Amino acid sequence: MTAIATEYEVVIGLEVHCQLKTASKMFCGCSADYSGAEPNTHVCPVCLGMPGVLPVINEKAIEDIVLTGLALNCSIAPFSKFDRKNYHYPDLMKGYQISQYDLPICRDGWLEVEVEGERRRVGITRVHMEEDTARLLHRVDPVTGEPYSLIDVNRSGTPLMEIVSEPDIRSAAEAREYLVRLRQVLRYIGVSNANMEEGDFRCDANISVRRRGDTAFGTKVEIKNMNSFRAVHDALVFEAKRQIGVLEAGGRIEQETRGWSDERQATLSQRSKEHAHDYRYFPEPDLPPLRLSAAFVERVRARLPELPAAKVERYRALGLSAYEAATLAEERPRAAYFEQLVAALSGDEARRAKLAANWMLGEVARWLNANQAEIDRFPLEPAALAGLIEQVASGAVTALVGKEVFDQMVASGESAQAIIERQGLAQISGQDELAGLVRKAIAANPKAVADYHAGKETAVKFLIGQVMRETRGRANAQVVQELLERELKK
Amino acid sequence: MSELWRLTAHEAHEGLRRREFTSVELTQSVLERVAEVEPTVNAYITLTADLALEQAKEADAKLAAGAATPLTGIPVGVKDLIVTKGVRTTAGSKMLENFIPPYDSHVYENLRRAGAVMIGKCNMDEFAMGSSTEHSAYGPTRNPWNPALVPGGSSGGSAAAVAAGECLVSLGSDTGGSIRQPAALCGQVGLDPTYGRVSRYGIIAFGSSLDQVGPIGRDVEDVATMLDCIGGHDPRDSTTNPEPMPDLRHYLGRDIRGMRIGVPKEYFISGMEPGVAARIEEALGVLEGLGAIVDRDVSLPSTGHALAVYYIIAPSEASANLARYDGVKYGFSDRSAPSMWENMEQTRAKGFGNEVKRRIMLGTYALSAGYYDAYYLKAQKVRTLISREFAEAFARYDVLVTPTSPTVAFPIGAKVDDPFAMYLNDIYTLPASVAGLPAISVPCGFSEGLPVGMQIIGNFFDEGRILQVAHAYEQASGFKNQLAPLAAG
């Protein structure tokens, strides 16, 4: 940061729109899973906004937003309502969007973020429910060069949550971290794919700057059109610099909406405050108010899984490093596999956790990387993998053989036990059996022996390697070393 | 077998059941009557004669199979804001001049399931905004009692069609009086059910918290039969009452001895025609004669505010409900301008009539930032107050009785340029609408040769009680089956 920049504090609040992955749309029975579908095939009179249609609330969507609220430490309103947000746009079928204005379902929550080792809570102002719009596809006629737009109504009426943060975020890095953590929670609780590139997780930002020590906020600018985490980060870095530059030059920040341009790597003015919409919110007369009983909220709470932050804490308590814990807890299926693996191993929990973590972050991660796969495509059941880990941990096979058996297991699906027995891969620990091999290695490598006697300790490693080669990795390296040292000292 | 069109629905049902005539014959009779008088009345925007005869044939098969309901084979008119799959539905607007719905409304589905025969789509004020059916893009409907006069509105086509013999019963919709007032002005029975009694699924919305579909018929029994067919819970309309409908027929023919009837004095104001006041007074006498206890000293002090409340809430809701008509998806679309936004603006400028535009502007204004609290929010509070006064009244009275309209039918053109005078037509019907209460208008005689209507307001979901009083009154007074003396044009 430049000297000037450090005199300023950046204040950021984020608004995230997140599509729920319910089976049907928010207010009609159409399938909400339209990805890959032909345009305008997941439609009915209701989501087309035909004259005379009425909305009916999707109860699953309400469950999902309550689950989200609980995961984000919000209080759940026993009484809330839907409102009409009025504006004209060709992608808005009814000329108004059913949303929530003054009585959202969830409010006053928080999400913990950690940047450069510092943990902070970012406040969640509210989470409310609304319906998504249709999608406009802008085209140009190849003959006339005339621009035109097509409307795909498949997305119209799909359930959308808006998650609004407090202006608690203080840097672009923290904004990015907030989004990463938020996406992680939403995926953990299974309410959304939260995929930014596919548009089911969209972020707008409000950003202002002020001199350090000032208590009043500066004039905020709304940033839109950020389509990746990177874009959010870069746009906020750019915008903070731009605002500081304006102030340093003696200028004033205009309250406006700016759009991020990936191409120009800059935010560009879209709409000034004078042209701000008056959405004329009023209560949706077609829907009665939403009353959520305490019993309903408790039923939903029972669906709440252990969240990533709690998992990381628990893994660390088992003796895993911060890196190990965070990596294993990053995605729920990965954490689930890890936990099943821990459960399938024997011994005390810390030992099992360490073994499972080593294998998950070692061989399993290597296989997943090589196959560009997520854990759900990993072919071994946790119990089967545990079988192999136990063989290695107990010394039945060497670590080297263990890797070989692992490769055979993922290829054939055969159990570790079967592979080891069939191929005779059991570790050779017997002194009698190994003693001959040790003597043979010494006899065959006089130079190494000479080196050893000249004080080169590493010569032992070379000789161990010779024995290993002879046994195709099956020899117990420790026994071999002991025998070698005993023999060489004779 | 001439003039079957003169029958009430229940008379026709008897005839059909006894095989005295077929539904096809009945339908043909009605279609002939339509051919005779429709050039004068203009009760329909779209006639569906071929469809009607097809449906009549199906009805005859049902009747032959002994699977008939009271509405099987009965020719009905359907207000043109009730969505009918495959049959043009215009809501009286140029905006929807070419709109062929891809789905059916709940009420039309129910009518079809019952085997009713649709003669056509009834004329109406554009998007139900009006009290005279003059604000229709398809020409005004004329009152069958005197073609120089309006039939009332906005369900003027539905009421005039019943009065002229162009159907036996019809469906209208009521937002602030749009069933009751035209029923009164055309000498018919019109019922506005409790808000939430009849599904609004497939009803082109005007004021969503007020709109309700209801029947117009020549007598109380027919209206009860129609409500029985269309009412009840519909999962597609979250504002419908989940409770099952009571058996309405149970209330017909029961005496009203000891029934407590309140008459709110705020309804008897200057501006009410003396003829109307006299008929209501006579009707109250009939009710007393039947053993009802009539209290003429009831006060509902907020009554006078209902007009203001209504003209904020209904236009506010309408301003959103009508936002979807932009020429992009369906209906009228002006594509003459060079840009999309201009085309949307031109579509709305040319597709909507003046009254609709006036109400969209009223509603947009009332909801605007800085005005919301003073208008919309205040109106909702007064609405609560009006409801509370009614609730207090219903603690003491079984039903309330008032005139339906301060005047009899007025000349076409008399009020069309004076919105406020037009709005005053609904001062007696607006309070019950604002409170969401059920109310019926029944004929109670004539003034200057024109029909007068009496309104009976009931408590929430107490349609049975108002039908009971209406039926008892009708039987005692004999004011029923009042076909307009309209010669073939």
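Quantities reported herein were computed from a predicted structural model and do not represent experimental measurements. Residue numbering restarts at 1 for every chain, and letters A, B, ... go by the order of the sequence lines.
- Only the backbone of Pro235(B) comes within contact range of chain A, judged by heavy atoms closer than 4.5 Å.
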Interface of chain B and chain A, donor-acceptor atom pairs under 3.5 Å:
from: Tyr103(B); atom 1: OH; to: Pro51(A); atom 2: O; distance (Å): 2.6
from: Tyr103(B); atom 1: OH; to: Gly52(A); atom 2: O; distance (Å): 3.4
from: Tyr103(B); atom 1: OH; to: Val53(A); atom 2: N; distance (Å): 3.4
from: Arg200(B); atom 1: NH1; to: Asp286(A); atom 2: OD1; distance (Å): 2.9
from: Arg200(B); atom 1: NH2; to: Asp286(A); atom 2: OD1; distance (Å): 3.1
from: Gly202(B); atom 1: N; to: Gly52(A); atom 2: O; distance (Å): 2.7
from: Asn321(B); atom 1: OD1; to: Arg84(A); atom 2: NH1; distance (Å): 2.8
from: Asn321(B); atom 1: OD1; to: Arg84(A); atom 2: NH2; distance (Å): 3.2
from: Arg324(B); atom 1: N; to: Lys94(A); atom 2: O; distance (Å): 3.4
from: Arg324(B); atom 1: NH1; to: Met50(A); atom 2: O; distance (Å): 2.9
from: Arg324(B); atom 1: NH2; to: Tyr96(A); atom 2: OH; distance (Å): 3.2
from: Lys329(B); atom 1: NZ; to: Met93(A); atom 2: O; distance (Å): 3.1
from: Tyr330(B); atom 1: OH; to: Gly49(A); atom 2: O; distance (Å): 2.6
from: Ala369(B); atom 1: N; to: Asp278(A); atom 2: OD2; distance (Å): 2.7

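- No other option in Pro283(A), Cys44(A), Gly29(A) has as many heavy-atom pairs under 4.5 Å with chain B as Pro283(A).
- The choice from Gly49(A), Cys28(A), Pro288(A) that makes the most heavy-atom pairs within less than 4.5 Å of chain B is Gly49(A).
- By the side chain to side chain donor-acceptor pair (under 3.5 Å) test, Arg358(B) pairs with Glu355(B), sequence neighbours left out.
- Proximity to chain B is limited to the side chain of Val46(A), based on heavy atoms less than 4.5 angstrom apart.
- The part of Leu48(A) that comes within reach of chain B is its backbone (N, CA, C, O), which places non-hydrogen atoms under 4.5 angstrom from that chain.
- When each of Pro55(A), Gly95(A), Pro51(A) is scored by its heavy-atom pairs under 4.5 Å with chain B, the top score falls to Pro51(A).
- With sequence neighbours left out, Asp174(B) forms a side chain to side chain donor-acceptor pair (under 3.5 Å) with Arg180(B).
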